[in-house]
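Here is the structure we will look at, set down as structure tokens.
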2 protein chains.
Amino acid sequence: MREVSIGEAARASGVKVPTIRYYEQIGLLPAPVRRDNNRRLYTAAYLKRLAFIRHARELGFEIDAIRTLLELQDHPQQSCAAADATARVHLAEVERRIGSLQALRDELQRMIDGCSHGKVAECRVIETLADTSHRHGRLV
Amino acid sequence: MREVSIGEAARASGVKVPTIRYYEQIGLLPAPVRRDNNRRLYTAAYLKRLAFIRHARELGFEIDAIRTLLELQDHPQQSCAAADATARVHLAEVERRIGSLQALRDELQRMIDGCSHGKVAECRVIETLADTSHRHGRLV
DNA sequence: GCTTGCTCCTCTAGTGGCTAGAGGATGTAG
DNA sequence: CTACATCCTCTAGCCACTAGAGGAGCAAGC
């Protein structure tokens with residue numbers, strides 16, 4: 001279980017070096033151990049967290065939401081009910097996003113199909129996502 | 001086809017009033033007509049764009065990506081090949097996101113199920129999204 | 001052993017995408 | 001005709017990075 005430098009951590013996780021330091025600074029991730037030369041040293045578990053954060057951010061989750069998910073991960077046994085409630089909120093939000101993305105995907109696919117048949121596809125990406133019927137609140 | 005004020009537009013689309021003005025300012029949306037009293041007046045079509053932008057932003061698309069999608073919408077006939085390429089890039093990205101979200105959804109569901117059975121679920125949300133195998137580039 | 005060049009460190013400043021607030025005009029309900 | 005909401009513009013702040021300055025550490029080749 002070899003420990004790696006911040007540069008290697010960045011390459012392995014896809015999170016940039018300054019961003020990793022930033023996450024440490026805001027307390028989203030714990031400060032890693034340092035070598036004698038003052039350089040940060042990352043474990044495999046730490047890298048997984050980094051990659052997780054990266055994906056969650058790309059999917060539009062806010063830092064606070066990610067913080068909650070990480071805590072859910074770390075303390076699943078303490079107050080099962082609380083964890084359950086948190087998970088449910090996130091689940092609902094995730095499902096909503098999947099629905100929106102699927103609608104968008106179908107519309108993009110329709111456009112590509114139309115295009116490949118040589119005829120001009122009328123673009124309706126707006127209608128696809130403009131539907132205001134899926135109302136919802138903030139993701140906590 | 002009644003035209004509405006910025007306040008009504010905000011309520012109807014879910015985009016806040018200052019954000020609407022901001023989108024106008026950065027040129028993401030055209031400046032709407034004004035009444036004699038200098039107040040903005042929005043059409044139904046404009047509202048759809050607003051709602052579209054809102055959903056796209058929530059799904060993590062950058063302003064530039066949204067700009068591209070709106071142009072795709074407005075000029076689908078000019079250079080079908082270019083539109084097709086753009087659509088394909090977005091489609092790939094959208095599918096990747098759907099995959100990630102589905103994995104996250106399944107994991108959250110698993111946690112909730114475990115919890116409802118009274119036993120403590122080991123949380124593996126990190127593993128769910130930490131998978132670095134789905135490598136990818138930026139969404140243009 | 002010393003230079004070249006990469007990576008690391010900290011710190012400050014800038015960017016994108018909003019969001020809040022000041023200060024003032026205009027519209028609407030009682 | 002007053003009270004209050006809504007609109008206007010403008011400036012400043014916030015979140016989540018991102019870039020750059022200035023300097024130290026290490027590894028490889030000469």
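Naming: A, B, ... by sequence-line order, numbering from 1 per chain. Keep in mind that what you see is a predicted model, and the values were worked out from it rather than measured.
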>> I want to confirm an ordering. Mapping A:R34 and B:I53 to their closest nucleotides on DNA chain C, which one lands closer to the 5' end?
In response: A:R34

>> Among residues at least two apart in sequence or on other chains, which ones pass side-chain contact (heavy atoms from CB on, under 4.5 Å) with B:P18?
In response: B:K16

> In chain order, what residues pass the ring pair (Phe, Tyr, Trp, His ring centres under 6.0 Å) check against B:Y23, with sequence neighbours excluded?
Replying inline: none

> Which part of the nucleic acid does B:R35 contact within heavy-atom distance under 4.0 Å: base, sugar-phosphate only, or nothing?
Replying inline: nothing

>> Counting primed atoms plus P, OP1 and OP2 as sugar-phosphate and everything else as base, spell out the protein contacts along nucleotides 23-30 of chain C at 4.0 Å heavy-atom distance: B, S or - for each nucleotide, 5' to 3'.
In response: --BBS---

> Does A:R57 reach the side chain of A:R54, with side-chain heavy atoms less than 4.5 Å apart?
Replying inline: no

>> Is any side-chain heavy atom of A:R67 closer than 4.5 Å to one of A:D64?
In response: yes

> Do the side chains of B:L101 and A:L101 get nearer than 4.5 Å, heavy atoms only?
Replying inline: yes

> What is the distance from atom CD1 of A:I20 to atom CZ of A:R49, rounded to the nearest 0.5 Å?
Replying inline: 14.5 Å

> For C:dC9, does either OP1 or OP2 sit under 4.0 Å from a side-chain N or O belonging to A:R40?
Replying inline: yes

> When rounded to the nearest 0.5 angstrom, what is the spacing between CD1 in A:I63 and OH in A:Y22?
Replying inline: 6.0 Å

> Given atom CG of B:L29 and atom C1' of C:dG17, what is their separation to the nearest angstrom?
Replying inline: 14 Å

>> Over all strands shown, is B:I26 touching base, sugar-phosphate only, or nothing at heavy-atom distances under 4.0 angstrom?
In response: nothing

>> Tell me whether B:I6 shares a hydrophobic cluster with B:L28, the cluster being built from Ile, Leu, Val, Met, Phe, Trp, Tyr side chains joined at under 4.5 Å.
In response: yes

> Mind checking which nucleotides bracket the chain A contacts on DNA chain D, 5' to 3', with an atom under 4.0 Å from a heavy atom?
Replying inline: D:dA16 to D:dC26

Would you give me the side-chain donor-acceptor pairs under 3.5 Å for residues 32-39 of chain B, sequence neighbours excluded?
{"unit_1": "B:R34", "atom_1": "NH1", "unit_2": "B:N38", "atom_2": "O", "d": "2.9"}
{"unit_1": "B:R34", "atom_1": "NH1", "unit_2": "B:N38", "atom_2": "OD1", "d": "3.3"}
{"unit_1": "B:N37", "atom_1": "OD1", "unit_2": "B:R39", "atom_2": "N", "d": "3.0"}

>> Strictly below 4.0 Å, N to O, side chains only: are A:E93 and A:R96 in salt-bridge contact?
In response: yes

>> So if I take residues 16-24 of chain A and measure heavy-atom distances to DNA chain C, which residues fall below 4.0 Å?
In response: A:R21

>> Return whichever of A:I63 or B:G7 has its heavy-atom-nearest nucleotide of DNA chain D closer to the 5' end.
In response: B:G7

> Transitively linked via ILVMFWY side-chain contacts under 4.5 Å: A:I98 with B:L104?
Replying inline: yes

> Relative to the 5' end of DNA chain D, which residue comes earlier, B:Q25 or B:I6, by the nucleotide with the nearest heavy atom?
Replying inline: B:I6

